[in-house]
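See structure below.
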2 protein chains.
Amino acid sequence: MMRYHKVPEETIKRMPQYLRALLFLRQQSTKYITSRGLSEYVLLNPPQIRKDLSYFGAFGLRGTGYEVEPLIKQIRRILKLDVEQKTVLVGAGRLGSAIARFPGFQRYGFNITDIYDNAGKRIGKKIGKIQIKDVAKLNKIKANSVKIAIIATPPETAQQIADALVKAGVTSILNLTSAYLAVPKKVRVRTVDLAMELGMLPYYT
Amino acid sequence: MMRYHKVPEETIKRMPQYLRALLFLRQQSTKYITSRGLSEYVLLNPPQIRKDLSYFGAFGLRGTGYEVEPLIKQIRRILKLDVEQKTVLVGAGRLGSAIARFPGFQRYGFNITDIYDNAGKRIGKKIGKIQIKDVAKLNKIKANSVKIAIIATPPETAQQIADALVKAGVTSILNLTSAYLAVPKKVRVRTVDLAMELGMLPYYT
DNA sequence: TTGTGCTTGTGTTCACATTCACAAAGTCTT
DNA sequence: AAGACTTTGTGAATGTGAACACAAGCACAA
Ligand SMILES: NC(=O)c1ccc[n+]([C@@H]2O[C@H](COP(=O)([O-])OP(=O)(O)OC[C@H]3O[C@@H](n4cnc5c(N)ncnc54)[C@H](O)[C@@H]3O)[C@@H](O)[C@H]2O)c1
Ligand SMILES: NC(=O)c1ccc[n+]([C@@H]2O[C@H](COP(=O)([O-])OP(=O)(O)OC[C@H]3O[C@@H](n4cnc5c(N)ncnc54)[C@H](O)[C@@H]3O)[C@@H](O)[C@H]2O)c1
């Protein structure tokens, strides 16, 4: 039993992939899946999958594999996705609107509860059931209930928004702009710049 | 001189980050930047940056740092972003439309030349200057000129679209759906599922 | 109950990536 | 022209993660 070993960061990054694959399998009414079976949905080899899962406990049944439903529950618990994660979105432009309307975040436990913008013509309008608020009121978000934020504003304003979010108690930021964000060490920033994601692809051709 | 060593994949992933930082610095009219200076824009330490760059040659000036403009050119050349990379987009929904209108891809040399959808009401309409084509005509893309594709359709159809793209000669795919794509080894897929990117954040809180 | 065939869990080995430390090479001042 | 200072480039050391091989455990059949 290796539960008390330090879990590699790379393992944590892969856990949501396993969750995604398992959710898909559940939808297909698959009850059990072996590490080999799973490997066909995540581009990782079976020992890697087993080792990753084993950092958190022995969830498998030897000779049979992993039971899908309980494993989903376990991973959700491990990643703290079993409790609703209230999330705020800043920037209700094209990308922000697409995200606000996207139902997929729910599946991972993320619930977008507030949307902010600074454009007069946007403030007050609704996206789905959520009314867009003035970004000047960002400091009003309740420090203890919202820990996660998504930034989808122009890159020039991203830093000041990040500063405001940190001050309001947000601890994790998904930054969709091309700006580099300087934040205190305790705050985690995940930057996804779609143009940059493409950047490494041509090298390998 | 270590130019003929194998370049770590991790290094390749970081190169677009350097490029992004350098483009920002150029915009600020910065002419020279040291590895320490750069480190303030990419969350990596100076030796890492120097080592990464040194895999491709000695671009720096001892005592001074790196000249911004030439280094941009070098990285573009290394990543093959100095030639226009024709790109097709499949799926002109909310996310697809946002991407099609987003000017940031140009900066990295990506030029979206074709957009496809399967919805009758969308086909024929224009996004910017590009007319949306019927996805049934995907096989018409010229194998030799388009190597990169972006998939922004519902996840259920992603695999069949990937198959069609591969058949048409595409070698790199940016997959924005939550579907796992099975493709031949020579084809590179980069999946960015925004919901999943969020998935690992709560763990560290 | 015993034997055969799977599949998990993990200690060990191996490969890769990061960090470090410093010589080499330039700049700048006096 | 010399010496102090800065910064690069990189071999070597360290650290971290991936792959492997196999013992341990379970299922199922006879
Ligand atoms: N919107 C988001 O913020 C977001 C976030 C994460 C992931 N995604 C993923 O991105 C994808 C697109 O999301 P969206 O919000 O734009 O959805 P959307 O429904 O607005 O757009 C999907 C588009 O794909 C088209 N389409 C459907 N089948 C097609 C086919 N066979 N060939 C070509 N086109 C086809 C539809 O006509 C539609 O225009 C989805 O897979 C979604 O899971 C979206
Ligand atoms: N659209 C894409 O496909 C795409 C791709 C990659 C990256 N991005 C990045 O995502 C971000 C948003 O892109 P977009 O296409 O939605 O742009 P957009 O212009 O459509 O939307 C930006 C929104 O931010 C709002 N805004 C501006 N300043 C603000 C502030 N200080 N506080 C709150 N809101 C503010 C604007 O009113 C607007 O609604 C940009 O940084 C862009 O670089 C977009």
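Numbers restart at 1 for each chain; the letters A, B, ... are given by sequence-line order, proteins then strands.
- Minimum atom distance to the side chain of Y66(B) is reached by dT8(D), of the listed dA18(D), dG9(C), dT8(D).
- Here dG11(C) presents its P atom at 10 Å from OH of Y55(A), a figure rounded to the nearest Å.
- Under the 6.0 Å cut-off for aromatic ring centres, F105(B) and Y108(B) do not qualify, their centroids lying 6.0 Å or more apart.
- When distances are taken from the side chain of S54(A) to each of dG11(D), dT10(C), dA27(D), the shortest belongs to dT10(C).
- Nearest-nucleotide assignment on DNA chain D puts the 5′-proximal partner with R50(A), out of R50(A) and T64(A).
- Within 3.5 Å, no donor on the side chain of R62(B) pairs with an acceptor on the base of dT7(D), nor the reverse.
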* Step by step, would you call R14(B) with D52(B) a salt bridge (charged side-chain N to carboxylate O under 4.0 Å, His left out)? -> CA-CA 8 Å; R14(B) 284 189 291 266; D52(B) 281 343; 2.6 Å; yes
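- Note: CD1 (I12(A)) to P (dG17(D)) measures 11 Å, nearest angstrom.
- Taking the side chain of N45(B) as heavy atoms from C-beta on, and the options dT18(C), dT19(C), dT8(C), the nearest nucleotide is dT19(C).
- The aromatic rings of F24(A) and Y41(A) sit tilted relative to each other, their planes meeting at an angle between 30° and 60°.
- Rounding to whole angstrom units, CG of residue L53(A) and C1' of dT7(C) are separated by 13 Å.
- Considering only side-chain atoms of E10(B), the nucleotide from dG9(C), dA17(C), dG9(D) that sits closest is dA17(C).
- Looking at which nucleotide of DNA chain D each of D52(A) and G63(A) is closest to, the 5′-most match is held by D52(A).
- Summarising the geometry, the separation between NZ on K13(A) and P on dT16(D) is reported as 15 Å, rounded to the nearest angstrom.
- Between R14(A) atom CZ and dG17(D) atom P the separation is 9 Å, expressed in whole Å.
- Residue P8(B) is classed as a sugar-phosphate contact, given heavy-atom separations below 4.0 Å to backbone atoms only.
- Nearest heavy-atom pair, L181(B) versus A162(B), reported as atom, atom and distance to 0.1 Å: CD1-CB, 4.1 Å.
- Remark: P of dT7(D) and CD of E67(B) are 16 Å apart, rounded to the nearest angstrom.
- Set against dT7(C), dA18(D), dT8(D), the side chain of T34(B) has dT8(D) as its closest nucleotide.
- In this structure, I49(A) atom CD1 and dA19(D) atom P are separated by 11 Å, rounded to whole Å.
- Ranking dT8(D), dT19(C), dG9(C) by closeness to the K51(B) side chain, first place goes to dT19(C).
- Within 4.0 Å (heavy atoms only), S35(A) reaches sugar-phosphate atoms of the nucleic acid but no base atom.
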* ring pair (Phe, Tyr, Trp, His ring centres under 6.0 Å) assessment of Y32(A) paired with Y66(A) -> CA-CA 5 Å; Y32(A) 294 89; Y66(A) 300 86; over 10 Å; no
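- For dC26(D), neither phosphate oxygen OP1 nor OP2 lies less than 4.0 angstrom from any side-chain nitrogen or oxygen of Y32(A).
- Atom CD in Q48(A) sits about 11 Å away from atom P in dC20(D), given to the nearest Å.
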